[in-house]
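Read through the structure below, which is laid out as structure tokens, and then see the notes.
The structure displayed is predicted, hence computed values, not measured ones.
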Amino acid sequence: MNLLKALENKVLIGDGAMGTLLYSYGIDQCFEELNLSHPEQVVNVHRAYVDAGSEVIQTNTYGANYSKLARYGLEDLVKEINTEAVKLARMAAKESTYILGTIGGIRGINASSTPLDEVKRSFREQLYCLLFEGVDGIMLETYYDLEELITVLEIARKHTDLPLIAQVSMHEPGVLQDGTSLSSALNQLEAAGANVTGVNCRLGPYHMIQSLEQVPLSHSFLSAYPNASLPDYEDGRLTYPTAPDYFKESAKALHQQGARLIGGCCGTTPEHIAAAASVLKDVKPITSKKITIKESDSLISETKNERIPHLHEIALNKKSTIVELDPPKKLSIDKYLKGAKALQEIGVDAITLADNSLASPRICNTAMASTIQSHYNARPLVHIACRDRNIIGLQSHLMGLHTLGINQVLAVTGDPTKIGDFPGATSVYDVSSFDLIKLIKQFNEGISYSGKSLGIKTSFSIAGAFNPNIRHLDRAVSRLEKKQQHGADYFISQPIFNDKQIVEVYEATKHLTCPIYIGIMPLTSSRNAEFLHNEVPGIKLSDSIRSRMTKASDDQEAQLEGLAIAKYLIDTAFDLFNGIYLITPFLRYELTVELARYIKEKTRLEDERKIRNGLHIV
């Protein structure tokens with residue numbers, strides 16, 4: 001009997017975790033490769049589930065695609081591993097057992113790490129292998145990214161009329177990581193061609209039942225494959241302590257929520273499936289259920305704080321100057337505070353604080369930002385690097401910034417640790433700068449990375465980093481376009497030391513709607529110039545500037561020459577861009593104070609000229 005026909009009249013019992021059992025046997029390698037090297041172990045797991053009461057089993061192919069097998073150097077064995085997996089499942093199956101070809105999601109928390117085109121290629125290759133072997137249906141499971149699941153589901157629907165089961169995984173009960181409600185996601189999957197829609201992995205029975213309470217019965221059948229529980233960590237191994245009796249009661253509750261295909265995911269064993277089978281055998285599916293509308297905790301309110309215009313709003317309408325004053329490397333902050341005060345008094349629009357630039361530890365930029373904000377009413381612009389915090393830490397950091405009333409941020413990838421003071425330290429990079437921009441934009445909608453309500457919308461103005469000092473400027477501009485698509489409000493460039501380059505940047509970026517702050521950094525000596533040119537990533541000086549700095553006879557003359565070069569560059573940038581980004585070298589704030597004063601005077605003169613000519617000044 002066809003799988004879908006069977007689901008019309010009965011609840012089918014699925015299997016449990018393949019990896020959990022293999023892991024418990026002491027196997028800690030690519031589980032899918034065992035189809036070739038240790039087939040008897042895979043057959044034994046399948047047979048244990050069939051004996052426990054599973055009427056539907058999955059092939060051991062969850063990660064048997066090119067992208068995931070490549071991690072083990074097995075990418076050339078996609079066909080062999082998938083082909084053998086179906087044969088092994090058949091060896092363990094009874095005549096009435098349904099065999100589903102399983103294809104797992106590729107994208108994890110960092111969706112952009114795997115382009116959609118690569119997902120499609122890997123999926124098609126694996127799908128063809130499974131279809132060729134004559135499975136009874138295709139199980140798409142453990143998809144956190146709804147875009148990925150809908151994409152591969154549509155591909156599968158075009159290539160087969162077999163039953164398609166599409167299961168999402170939630171970070172939080174009832175909602176996907178992009179904020180889509182479970183009910184809405186399942187409706188979208190049904191529209192894309194799924195015959196059975198449901199949930200699996202990540203959550204234990206309690207939260208999965210809670211999530212399904214808000215899902216009405218639809219035209220597609222409903223499936224549920226919860227984890228045994230939340231995992232525990234004992235003696236270096238993950239364990240799932242849930243007892244089979246609890247899983248039995250949970251299976252009854254899942255049935256009451258309308259699930260017709262019920263199995264288990266991580267931590268479940270044949271004992272859990274046997275317990276579920278004892279109460280689900282020959283049970284009729286429910287055909288109606290009451291949706292209980294619970295008091296929602298997802299209401300999101302606007303930020304109540306009265307805010308001044310964001311930096312990108314200022315730069316869209318008039319000249320704006322921001323200054324980078326990096327936090328100190330030592331614990332004495334007196335000079336730093338004097339610099340911040342001087343910059344605030346000269347009237348800069350913001351003081352930017354890097355996040356351990358060049359991978360060298362400094363006083364926490366959030367601490368210094370809060371200090372200058374409270375002491376001098378200076379507006380801080382805090383850089384956030386992807387290098388030092390995982391996705392949990394990044395979200396906590398953003399929540400903390402919002403709580404402190406700091407809403408100007410620059411999202412950067414962050415210099416790799418190998419170039420800094422501790423080259424053996426770990427670089428996290430859970431997300432890219434593109435993903436971080438998208439995350440911050442999501443916070444502005446009041447939604448966390450996992451899709452859960454934050455209760456309040458943040459009001460971050462998001463800057464993206466721009467490195468024009470590369471051989472192919474068009475590639476750098478393409479990155480700006482992508483960052484703008486992800487939600488960047490404006491851009492801040494690396495320092496430029498060539499007036500012609502400033503003009504080239506203007507011509508290459510004038511189509512962008514986001515304003516750009518052009519980086520200007522005063523040189524302090526010839527040694528400083530050579531260091532920047534030869535050793536700092538992303539910075540190149542022209543031969544003429546290096547020559548001018550070499551000719552300076554002493555430190556004072558070098559400083560004056562550095563200021564003269566910076567003012568000359570400011571003159572060019574001033575006519576083309578509204579934003580100037582001054583970078584303070586070695587905490588020598590008197591240099592950037594002088595340049596900020598120079599810009600202020602140029603702005604005053606320009607405003608007077610406009611008034612004389614009858615032009616409107618914003």
Side-chain angles (χ1 to χ4, degrees), residues 303 305-315 320-329 331-357 360-386 388-389 393-412 414 433 436-437 439-440 443-444 458-465 488-493 515 517 519-521 579-585 587-589 592-593 595-596 599:
T303 299
N305 297 338
E306 182 179 346
R307 73 169 180 85
I308 59 177
H310 283 309
L311 289 173
H312 70 272
E313 295 167 338
I314 296 173
S320 176
T321 304
I322 60 177
V323 180
E324 179 174 308
L325 192 67
D326 282 351
K329 290 185 175 182
L331 294 177
S332 174
I333 63 172
D334 291 345
K335 184 177 180 180
Y336 185 90
L337 295 180
K338 288 180 182 177
K341 182 180 180 182
L343 290 167
Q344 174 65 3
E345 289 175 345
I346 202 64
V348 301
D349 291 310
I351 296 174
T352 86
L353 302 93
D355 192 6
N356 296 327
S357 58
S360 298
R362 296 173 179 269
I363 295 176
C364 169
N365 63 355
T366 303
M368 295 308 303
S370 179
T371 300
I372 64 172
Q373 180 176 252
S374 59
H375 279 55
Y376 308 118
N377 198 31
R379 168 182 275 194
L381 191 165
V382 174
H383 301 198
I384 305 175
C386 301
D388 299 330
R389 304 175 188 87
L394 284 171
Q395 292 184 92
S396 176
H397 188 50
L398 289 169
M399 294 168 76
L401 290 172
H402 170 81
T403 302
L404 291 170
I406 298 171
N407 59 8
Q408 310 297 302
V409 295
L410 169 66
V412 297
S433 58
L436 179 55
I437 290 170
L439 169 62
I440 301 170
F443 264 54
N444 283 352
T458 59
S459 59
F460 290 110
S461 175
I462 311 163
D489 297 304
Y490 64 108
F491 301 108
I492 299 176
S493 88
Y517 282 82
I520 306 291
M521 180 178 180
I580 303 292
Y581 166 50
L582 302 176
I583 302 159
T584 306
L587 207 55
R588 295 174 65 173
Y589 61 85
T592 42
V593 167
L595 295 177
I599 296 170

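The CG atom of L582 lies 10.5 Å from the CD atom of E324; values are rounded to the nearest 0.5 Å. Between atom CG of residue L331 and atom CD1 of residue I363 there is a gap of 5.5 Å, rounded to the nearest 0.5 Å. Expressed to the nearest 0.5 Å, how far CG of D326 lies from OG1 of T584 amounts to 8.0 Å.
By the 4.5 Å heavy-atom criterion applied to side chains, V409 and H397 are not counted as neighbours. With contacts defined as side-chain heavy-atom distances shorter than 4.5 Å, the pair H383/T352 qualifies. Proximity of T458 to N407: side-chain heavy atoms (C-beta onward) are nowhere separated by under 4.5 Å. Between R379 and L311, the closest side-chain pair of non-hydrogen atoms falls below 4.5 Å. In this structure, the side chains of T592 and V348 stay at 4.5 Å or more apart for every pair of heavy atoms. Side-chain contact between S357 and R362 is present, with at least one heavy-atom pair separated by less than 4.5 Å. The closest side-chain heavy-atom distance from L398 to L439 is below 4.5 Å.
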Only distances under 3.5 Å count here; give the side-chain donor-acceptor pairs of residues 332-346 to other protein atoms, sequence neighbours excluded, each with its distance to 0.1 Å.
| from | atom 1 | to | atom 2 | distance (Å) |
| --- | --- | --- | --- | --- |
| Y336 | OH | L325 | O | 2.7 |
| Q344 | NE2 | N377 | O | 3.2 |

Next item on the list: Starting from the C-alpha separation in whole Å, work towards a yes-or-no answer on side-chain contact (heavy atoms from CB on, under 4.5 Å) for L410 and D355.
Entry: CA-CA 10 Å; L410 169 66; D355 192 6; over 6 Å; no
Margin query: Checking I406 against Q373 for the side-chain contact (heavy atoms from CB on, under 4.5 Å) test, could you report, in this order, the C-alpha distance in whole Å, the side-chain angles of both residues, the deciding distance, and whether it holds?
Written below: CA-CA 9 Å; I406 298 171; Q373 180 176 252; 3.9 Å; yes
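Donor-acceptor pairing under 3.5 Å is lacking for the side chains of Y581 and S493.
N365 places no side-chain N or O within donor-acceptor distance of the main-chain N or O of V382, the cut-off being under 3.5 Å. With hydrogens and angles ignored, the 3.5 Å screen pairs no side-chain donor or acceptor of S461 with any backbone N or O of Q408.
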